[in-house]
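See below for the structure under consideration.
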Amino acid sequence: MLSVEGIDLYYGAAQALRGVSLTAEAGQVTTVLGRNGVGKTSLMRAIVGQQPVRSGVIRLDGRPIQNLAPYDRARAGIAFVPQGREIFPLLTVKENLETGFAPLKRRDRHIPGEIYDLFPVLKDMLHRRGGDLSGGQQQQLAIARALVTRPKLLVLDEPTEGIQPSIIKDIGRAITYLRSRGEMAIVLVEQYFAWARDLCDSYAVMDRGQVVLAGPRAGMVEADVLRWMSV
Amino acid sequence: MLRLLTLLVLLLAAPALAQAPDPYGQLAGDGYAEIEAGVSGLAASGDLRADAILSALSDGRLLVRPADRTLLIRQGGTLVDARTGAAAADSPDLKPVRANNRVRRAIEAARGQLDLASPDPGKRRIAADAVFKARDAAALPALDAALARETSAPVRQALTEARAAVLLARPGTAETDRIAAIPAIQARGDGDAMGILRGLAADPSEAVRNAAARGIAAIETRLAILGALQNVWYGISLGSVLLLAAIGLAITFGVMGVINMAHGEMVMLGAYTTYGVQEVIRTQAPSLFGWSLAISIPCAFLVAGLVGVLIERFIIRFLYGRPLETLLATFGVSLALQQGVRSIFGPTNREVGAPAFMSGAFDFYGLSITWGRMWIIAFALAVFLGLLFVLRRTSFGLKTRAVTQNRRMAAAMGIRTPYVDALTFGLGSGIAGIAGVALSQIDNVSPNLGQGYIIDSFLVVVFGGVGNLWGTLVAALTLGVVNKLAEPYVGAVLAKIGLLVFIILFIQKRPRGLFALKGRAVES
Amino acid sequence: MSTDLVERPDARGPANRKRETDALLYLDDLRVTFDGYKALRGLSLTLARGELRAIIGPNGAGKTTMMDCITGKTRPDSGIALFDGTHDLLRSDEPAIADLGIGRKFQKPTVFESHTVADNILLALKGPRAAFASLFGWRNRVEAARIDALLETVGLLAHRGRPAADLSHGQKQWLEIGMLLAQDPKLLLVDEPVAGMTDAETAETARLLRRIAGEHAVLVVEHDMHFVRDLGCRVTCLHEGAVLAEGSIDAVSADPRVVEVYLGR
Amino acid sequence: MPSRAPLIDLKGWIFLAVLAAFCGAVPVLNLAVPEGSGLHLPTYLVSLFGKYLAYALLAVSLDLVWGYCGILSLGHAAFFALGGYAMGMYLMRQIGSRGVYGNPVLPDFMVFLNYKALPWYWYGFDHFAFAALMVLLVPGLLAFVFGWLAFRSRVTGVYLSIITQALTYALMLAFFRNDMGLGGNNGLTDFKDLLGFSVQAQGFRVGIFVATGVALALGYLIARVMTVSAYGKILIAVRDAESRTRFLGYRPEHFKTLAFTVSAMMAGVAGALYVPQVGIINPGEFAPTNSIETVIWVAVGGRGTLVGAALGAVLVNYAKTVLTGVMPDAWLFALGGLFVVVTLFLPRGLVGTAIERLGSRRAAATLPPEPDIAPKLAEEGQGS
Amino acid sequence: QETIKVGILHSLSGTMAISETTLKDAMLMLIAEQNAKGGVLGKKLEPVVVDPASNWPLFAEKARELISKDKVAAVFGCWTSVSRKSVLPVFKELDNILFYPVQYEGEESERNVFYTGAAPNQQAIPAVDYLMSEDGGGAKRWVLEGTDYVYPRTTNKILEAYLKSKGVKDEDILINYTPFGFSDWQTEVSKIKAFGSAGKKTAVVSTINGDANVPFYKELGNQGIKATDIPVVAFSVGEEELAGIDAKPLVGHLAAWNYFESIKTPENEAFIKKWQAFKKNPKAVTNDPMEAHYIGFNMWVKAVEKAGTTDPDKVIDALPGIEQKNLTGGTATMLPNHHITKPVFIGEIEANGQFDVVWKTDTLIPGEAWSKQLEGSKDLEADWVKLKCGNYNTKTKTCGGA
Ligand SMILES: Nc1ncnc2c1ncn2[C@@H]1O[C@H](COP(=O)(O)OP(=O)(O)OP(=O)(O)O)[C@@H](O)[C@H]1O
Ligand SMILES: Nc1ncnc2c1ncn2[C@@H]1O[C@H](COP(=O)(O)OP(=O)(O)OP(=O)(O)O)[C@@H](O)[C@H]1O
Ligand SMILES: [Mg+2]
Ligand SMILES: [Mg+2]
């Protein structure tokens, strides 16, 4: 579904990604691991179009998308849960969710009930301003908002940050459920190793802007991965 | 029938003036004094042609042939002799009989007497007022006759007042009559009534003086209350102007965060559009003039909105995330737009006319309410509510708010940000343009029009709390009312200075404006 | 710990009773309402000098709000908050509270973006805070060494000259921790320090905080239960603006109510 | 090592050198070179340059608070004008009995508006020292009181900008009133001499030009001292994340008030030097657009660079002088266009962009990524 | 070929552009016309136009530039008093000539300035006289409504003194000032209305300036104040200003000027025709300050020819005594006090935006630099021919100032 082929990304003069490649398949979870500052977020930004890549190709269903504007990528089926949540602070929770209607056809413009099953707090807070929620509540809202667009590709950048353990478990179940439907490809950036390992079908480990280890979970050697992730 | 009655009345009055000089000759005379005498004479003479001659005079259609000082009336393309009604030949040396204020005043008074017998109650009422103002004793018989047959209550009252005024002004009215006249004047209760009663302070009769003093006291309280209400009304009206001027800015600045110095110029463009529309209507379809403002509204919205979209596409869009620089760029745009309009339309004011429904005033329980202001208030509220609806209830409004709060994330949600940005800026500019249509009715239509409103607009938006439409509404009305309540006491300048100081102090108390949003959502 | 509140009559009369406590931080019955939503509903907590304490609790339980109250950012509707015996936190503003020796790391890292990493630490270093003095005074070499030592601790030595704006999310977290250490406060309030850190870093952070405790009191909010376990300290679980459970990690995590609202199954 | 930036860096040296050369050359070219020579500099240009330098000082003062402290003051014209008025009042008193009515005490406008005695606030202005003190004190005090109130109440961003604008607007209206006893719309004019020198004399014009140059250099140095010290770092921290500094124990209101007050005094001095060179001070100087123009000079030159502010002021005003003469009917297009072009293509202003191009990333990085005036709607609420 | 340069110093942008731009065009027309006649002293005239942008210090700067850099022989310019005050020192210092074409508050006579607009005694006082007369309506109560700046203040001071000398009582005079560019006249107009309803005939003397006039008149119209009730006489509202207002509700309100476009003389008709051709606009209107420039410019030409040089010193000495026919009849003479003699007309507004002259002075009125009504100036006299002084005190027999 998604294939990233040898992209380079720069912030000004500083290079953040060097020839990074990654693939994600429908019905599978691909997890990206790595220490702080190695370029995970940069890779996600490149995929969703928030940061331009200097070279390399990004394909969605075989179509190169690296030159599309972010909103066109969203319309092509990419949804993004950014690191740092990026809730619309002055919109209510409901309105935050409704921003996800933009790429949908008119008849699809409703909020799927399963979202409230997944994150029951949101239902109680529908009319509170997004910015007033607690950190963890915002994180839940960010995931829910991405799901409203019914994406083909869901990009999650550290979705468990600041979330209470029980809900992390719920999110894990949700990801498993979404994967099990087999329609959606999921890219997951995570620091919480054990959790990510249990969820993923394939993995990639990054260091200094490069992918240093990658493969299906079956071939994952925990010690190798952890070596790249310790200081 | 009525005409006949008038004639009768006038004939009855006529003998007293039998020795008077020929009014026709006087009208053809040189000095204004002579012409004035002619007018009064004509009215009093009971001449059936008086009405036609007076209206010709006030329209400048009354001509005099210098050779024999004959008066002629121009009726359409033809000339008739004023005295005989016979057709007359045109000649190049005809001169119009000139009217100045003195003559016009005489005409008004004269027509007042004549119209007292008009079949149209509206006209009779106006006539009664004219008599009230003129206080000409000669009108007394006509007044009495008119009173005797009057059936409409308001006209009756006006006639009674006029009669009382004439009686009080006429020397030699009996004391009892004078005292009897005072309540009618007192009931009128306005400044004019007060003036008349004040004039009685030197009356020889103690009873009259006392009655007048009581009348004055009663009117004074009434006027004080009315004055306060009137000031509130003025305040609301000023507030509505502020609201109109600020409301577009509440979008471009309040919602989008662009420090839009060119906002005033968008207002100006709207006003010039109104001018343009009226010019076209004047030349192409004069009958539509009454609709000119209604037609201008969508035109102004489109013109200013389009310019707004262009500004956004070519300049502002490169500046998101650098809001301060929008100040610089839009200031540049504002200079260029001003000069552009100056180059095209010239530096002087352009005339924008007021359709009939916008002019004049009506009396509302003693408050004088001008139609123009009332429509502007209604219009401002309508624009406000419309905008509120768009922003709060439509999906475009939701997208606008999402984009302005977090452009990058909005794009990631699939919202076409460039499109939303351009339309939002266009909407704000278009609304500024609409405001220009209204402002063209009360202010100069000149290249500087916008400059006069930009500071106040920013003040209103900030005072109300940036990004809060209701705040803008309340702020505009508050500032308007406070300003107008203070103005009669301290004068316009100090009132304005006081208001500015008030805002400065107020912001200390509420650093984020009147209707600041609270909570984490707005903290930085 | 002896943490009871002692109320002594004041010379000025009974209304001005002077309150004293032995605890470093004494919170009693704090209540906070936002637009009708009760974020804190009678929160009470005491922290002894040098104590390390972990706070857990569901999202929205009021943990951050509690820190806001302690640091003067939010004024509670009612309640008592005393620091270091007698200082009434509810009557002081943020700089005064910081001056008393309370430092804070924010849940969302906030650093001075256009300053370099080193300057961020520099600004946080303990020292005089007056405007006029800062015009003329300048930091000495000892402090330079201290800055380097701190940067070493938080692993940002290599980034010392970069503007803080260029750091990644996790690096900013570390920088904030560095700034907090630089302040050398009596009480450290640490809101979710290990969010976004790798497991190794998490363990390292736990060690760091344990080391600091003893000399300083530390209040840590965190959702990472491994980390909380590593801290090896008393744990307080908040729920709906009040304390739900308090005790050792084992006791708290075995509490069925905590499992129900927080840990999940 | 967080080393202290040098008091005068490279661009500072260049700036001071150019300024010194300018202040040295102008008198020579004007006084020493004979009038017929092609090199001769006419006196009117000396005054014109002097005016630019006064504006440059105003721009530097604004940059101090805007560039380093994030206070976008739209009211600096007020401080400038107040300084100008203080100087103007001194100059008026120097006229003595040489006014048209020959009144030894009352300025002309008071005579013909029937003033019987000098209003109290005119006392003392016959002494230069007093007037000079007022040039500093009046703007300084106003800025102190205003700043203290506003900063303590945490009025920031656009709210602050707009109330500074309201301040200058209110002052403008007040000074336009004839009852203020300051000449109303006509302001103060027809100056004769300053410290005994005739303001018309060529020597005086050169002298005050040089004095303005020196004041500019001093102003620059003061601003540098303030910005390179620890104070300056804290100022920038306040600009970037004011509330965060509070949690570190700083009191932002103190820092801001100090900078604002010093800046206002500098603006006052600029105004005082400006008035004798242009020969008039009138309430129009309080006009909000003047403040906005000052902001624009700074932006054109490069915010947060000080040198850029001075350069921007000189360049924009020079452009204005030339354009109003060369293309009187269309100069606004040119000037407006210039502003647009600068924003679009030189986002950090002339000097800022030059520094960036020269690769000195660090210096340029003192600019915040997101200036703080606009309503911060886009920011996430969970911060701090 | 060598030319004689003439400076034109009128704002082409900013708030004053609305009034001053026309004067720039008028000057260009006059110069072109003179050149067509062969120029002056055998040389062509070359206009130098600059834009002081309604900014007073910029006026001084531009004046300096015109004189020092462009070496103009004379400057025609300024509108507001403050702009004149701003350039005065420059003209004195550099010894050049300014022709100032606008009615002003008086109280000034400078060697380098020639005042071709009206002094208060040439506009304000005749207007009040008219309104007091039987023809004018016999006003007994007065509202002096002005913009708060020196011209209205001084004019109103003079008028107040004058009215009192005519027996008008204090309570029958209402003086009110509003700021520049004032646009919300509701309160002020209602105040006038109330003041005027006290039984005595009331008139308003308006010294409202510039942009504020349009909203003022619009509000008058809206509140239904007709000229027959309360006439308003204005000193700054001319044909040009009326072009921006729908004049129908204003018929009968008055203006006092020394020139009206509607006055029928052969000179005026020719002038209007030339102007409309020059502007390529058959609707272009002429006004009083334009005539002032017309007079001033022609006087300057004559003086240059008389002096045989454009040297300002010589021209200044040659100017007093020069005569020039007015466009409205009669001949203006430059007086020793550098003001000119003028006829005064009172016109009533007509529906087409023109004025109908309802009254005029029998003779030309000489402009007075110093008002006889004001305490401080009644002893002053200006005479640049004999006394060589602009403010000679007839009591102390000294020339004031330096
Ligand atoms: N906006 C930016 N400007 C300049 N450099 C940046 C920017 N954002 C990130 N970087 C740099 O790019 C590198 C990669 O950052 P990125 O945010 O992708 O890391 P990450 O792997 O997501 O880290 P973390 O786990 O801390 O979130 C880092 O060295 C960081 O300093
Ligand atoms: N300004 C506000 N307006 C309305 N509700 C608010 C406001 N601030 C906080 N809240 C609510 O108060 C509750 C407590 O928030 P707080 O941030 O203290 O939670 P927390 O315990 O820190 O959660 P997390 O673990 O997710 O960070 C939340 O439900 C939040 O939505
Ligand atoms: Mg990241
Ligand atoms: Mg929290």
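Throughout, a chain's letter reflects where its sequence line sits, starting with A, and its residues are numbered from 1.
No other option in E/Val50, E/Asp70, E/Asn55 has as many heavy-atom pairs under 4.5 Å with chain D as E/Val50. Each of E/Ala60, E/Ser86, E/Ala53 has some count of heavy-atom pairs under 4.5 Å with chain D, and the biggest count is that of E/Ser86. Counting heavy-atom pairs closer than 4.5 Å to chain E, the top residue among D/Thr289, D/Ile95, D/Leu173, D/Asp190 is D/Asp190. Contact count against chain D (heavy-atom pairs under 4.5 Å) is highest for E/Thr154 among E/Leu94, E/Thr154, E/Leu66, E/Asp379.
Using a 4.5 Å cut-off between heavy atoms, E/Glu105 touches chain D through its side chain atoms alone. The part of E/Lys92 that comes within reach of chain D is its side chain, from C-beta onward, which places non-hydrogen atoms under 4.5 angstrom from that chain. At a 4.5 Å heavy-atom cutoff, the contact between E/Pro179 and chain D is made by side-chain atoms alone. Only the side chain of E/Glu61 comes within contact range of chain D, with at least one heavy atom under 4.5 Å from a heavy atom of that chain. Looking at E/Leu88, neither its backbone nor its side chain comes within 4.5 Å of chain D, counting heavy atoms on both sides. Neither the backbone nor the side chain of E/Tyr151 comes within contact range of chain D; no heavy atom of the residue lies under 4.5 Å from a heavy atom of that chain. Contacts of D/Tyr274 with chain E are made by side-chain atoms alone, with heavy-atom separations under 4.5 Å and no backbone atom involved. Only the side chain of D/Glu285 comes within contact range of chain E, judged by heavy atoms closer than 4.5 Å. In this structure, chain E has heavy atoms under 4.5 Å from both the backbone and the side chain of D/Asn178.
The NZ atom of E/Lys62 sits 5.5 Å away from the OG1 atom of D/Thr321 when rounded to the nearest 0.5 Å. Taking OG from E/Ser68 and CG from D/Leu48, the interatomic distance works out to 10.5 Å, rounded to the nearest 0.5 Å. Rounding to the nearest 0.5 Å places CH2 of E/Trp56 at 9.0 Å from CD1 of D/Ile280. Here the CG-OG1 distance, from D/Asn185 to E/Thr147, works out to 10.0 Å after rounding to the nearest 0.5 Å. The distance from atom NZ of D/Lys320 to atom CG of E/Leu58, rounded to the nearest 0.5 Å, is 6.5 Å.
At a threshold of 4.5 Å between non-hydrogen side-chain atoms, the residues D/Pro42 and E/Lys69 do not count as touching. For the pair E/Trp370/D/Val100, a side-chain contact is recorded, criterion being any heavy-atom separation below 4.5 Å from C-beta on. The shortest distance between side-chain heavy atoms of D/Val111 and E/Glu107 does not fall below 4.5 Å.
Of all heavy-atom pairs between E/Glu65 and D/Gly325, the closest is OE2-CA, 4.3 Å. Summarising the geometry of D/Asn186 relative to E/Ser81, their closest heavy-atom pair is OD1-CB, 3.7 Å, with the distance given to 0.1 Å. Annotation for E/Asp148 and D/Arg177: closest pair OD2-CA, 3.0 Å, computed over non-hydrogen atoms. The two residues D/Pro328 and E/Leu12 have their closest heavy-atom pair at CB-CD1, 3.6 Å. When all heavy atoms are compared, the tightest approach of D/Tyr101 to E/Asn391 is N-ND2, 4.3 Å.
Ion pairing between D/Asp108 and E/Lys85 fails under the 4.0 Å rule for side-chain N and carboxylate O. One finds a salt bridge joining D/Asp329 and E/Lys24 here, because a Lys/Arg side-chain nitrogen approaches an Asp/Glu carboxylate oxygen to under 4.0 Å.
Here E/Tyr149 and D/Phe176 keep their ring centres 6.0 angstrom or further from each other.
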